[in-house]
Amino acid sequence: MVERVKVDETTVRALIGAQFPGWAHLPVTRVMPGGWDNRTFRLGDDLLVRMPAAAAYIAQVKKEQTWLPRLAPALPLPIPSPVAVGAPGPGYPFPWSVCAWIEGGTVAEGLDHRTLAEDLADFLLALHAIDAADGPAAGPHNFHRGGDPAVYDRETRAAVQTLGDQIDGAAALALWDAALATRWTAPPVWIHGDVAPGNLLVRDGRLSAVIDFGTCGVGDPACDLAFAWTFLDEAARETFRQRLGLDDATWLRGQAWALWKALIVVAGAPGVHTRERDLHLRVLRQLGVM
């Protein structure tokens with residue numbers, strides 16, 4: 001199980017005061033709901049402090065500092081803009097980031113799903129079009145997003161066994177095995193790696209920004225399709241699919257990524273939000289394995 005650090009406003013104020021005294025007068029407010037990979041705090045009106053919650057997420061700091069400024073000009077919506085990098089200090093053992101604050105609320109039920117599907121597909125298509133030649137390939141830094149979902153084969157099969165007759169295990173494994181028999185054979189493309197409601201900002205009913213690129217990288221875009229089953233309704237899912245124009249095999253691997261995550265959450269794997277259980281039960285039903 002990943003050991004997560006506890007960070008509070010007092011610690012953040014002390015770090016800011018010691019390392020960025022020009023910002024020491026600004027108020028620090030915890031952002032709620034909190035993130036999983038990072039603890040986030042608003043700094044004044046215009047800045048965000050982003051602090052890895054565990055050692056497993058440290059590599060994300062340098063990656064975001066390096067790549068986000070290069071990706072931003074080619075994207076149709078705002079993404080985080082790094083402003084500074086903080087160093088470990090009293091009460092906090094890891095490097096951390098300061099980024100520009102982006103206004104907007106996170107995606108919630110009640111939003112028009114078809115409009116969201118169109119906006120998100122257009123953003124991902126623009127992301128895929130960016131030159132990926134020197135981008136970071138899938139690996140531990142992004143928990144293998146953009147790579148072959150087979151890296152989670154053992155976890156998936158163990159979760160199916162754990163859940164027993166709570167799910168249709170035969171159907172789950174049939175979907176999983178069919179997906180693992182396919183491969184992304186085109187050149188690698190940029191992926192976000194964690195397309196989820198909490199990482200999509202909305203204003204006036206439209207997608208307005210995409211945040212948290214900690215698991216970004218280059219490779220197979222299938223992992224970014226899981227959102228089709230974790231949030232979108234059936235009609236919007238089809239809109240999303242048609243607008244992206246990816247082949248059936250990639251769509252199938254997208255289902256596999258959604259299946260893996262849902263199975264390990266519902267089976268109670270350590271290191272995941274237990275409050276997500278109901279959401280992922282719905283995903284298993286959407287995928288026809290429950």
Side-chain angles (χ1 to χ4, degrees), residues 2-108 123 127 136 141-143 192-204 206-217 273 275:
V2 175
E3 183 177 352
R4 285 172 165 74
V5 299
K6 294 181 179 180
V7 189
D8 59 20
E9 291 88 339
T10 300
T11 301
V12 176
R13 289 189 196 100
L15 290 168
I16 292 292
Q19 299 183 35
F20 303 105
W23 295 332
H25 66 288
L26 298 176
V28 174
T29 308
R30 184 183 294 271
V31 175
M32 299 297 292
W36 188 243
D37 293 5
N38 291 270
R39 305 291 183 244
T40 52
F41 299 83
R42 190 167 184 174
L43 178 62
D45 293 331
D46 301 322
L47 298 171
L48 177 78
V49 177
R50 181 170 160 83
M51 312 181 79
Y57 311 122
I58 294 173
Q60 297 180 8
V61 174
K62 182 177 180 180
K63 180 172 62 175
E64 290 184 327
Q65 294 280 333
T66 300
W67 288 105
L68 292 181
R70 304 187 196 184
L71 297 177
L75 294 173
L77 296 172
I79 64 174
S81 177
V83 175
V85 182
Y92 186 73
F94 309 135
W96 44 284
S97 295
V98 180
C99 297
W101 176 262
I102 304 175
E103 290 290 348
T106 55
V107 163
F123 179 88
L127 185 63
H141 70 93
N142 71 343
F143 303 95
H192 177 275
D194 191 15
V195 177
N199 294 332
L200 304 176
L201 299 187
V202 177
R203 300 186 75 180
D204 301 322
R206 301 295 298 266
L207 184 64
S208 60
V210 179
I211 61 174
D212 194 350
F213 278 71
T215 52
C216 73
H273 289 299
R275 67 176 179 265

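Source: prediction; values computed, not measured.
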Which donor-acceptor pairs under 3.5 Å do the side chains of residues 77-102 make with protein atoms, sequence neighbours left out?
unit_1 : atom_1 : unit_2 : atom_2 : d
Y92    : OH     : P52    : O      : 2.6
W96    : NE1    : A87    : O      : 2.8
S97    : OG     : Q65    : NE2    : 3.3
W101   : NE1    : E103   : OE2    : 3.2

For the [atom1] atom of [X] and the [atom2] atom of [Y], what is their distance to the nearest 0.5 Å?
| X | Y | atom1 | atom2 | value |
| --- | --- | --- | --- | --- |
| I16 | L43 | CD1 | CG | 5.0 Å |
| M51 | I58 | CE | CD1 | 12.0 Å |
| R39 | R30 | CZ | CZ | 7.5 Å |
| T215 | Y57 | OG1 | OH | 10.5 Å |
| D37 | R4 | CG | CZ | 7.0 Å |
| F20 | L26 | CZ | CG | 12.5 Å |

Practice task
Would you mind reporting whether T106 and V202 have side-chain heavy atoms less than 4.5 Å apart?
Solution key: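 The answer is no, as the side chains (C-beta and beyond) never meet within the 4.5 Å cut-off.
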Could you check whether any side-chain N or O of [X] sits under 3.5 Å from a backbone N or O of [Y], counting only pairs where one atom can act as donor and the other as acceptor?
| X | Y | value |
| --- | --- | --- |
| R42 | D45 | yes |
| N38 | T40 | no |
| D212 | G214 | yes |
| R50 | V61 | no |
| D194 | N199 | no |

Fill in the blank from the handout: Here the pair of heavy atoms bringing H141 nearest to C216 is CE1-O, 3.6 Å
Fill in the blank from the handout: In short, salt bridge (Lys or Arg N to Asp or Glu O under 4.0 Å) pairs touching residues 76-90 with sequence neighbours left out are none
Practice task
For F213, check ring-ring contact (aromatic ring centres under 6.0 Å, His included) against everything at least two apart and list the hits.
Solution key: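 F213 satisfies ring-ring contact (aromatic ring centres under 6.0 Å, His included) with H192 once adjacent residues are dropped.
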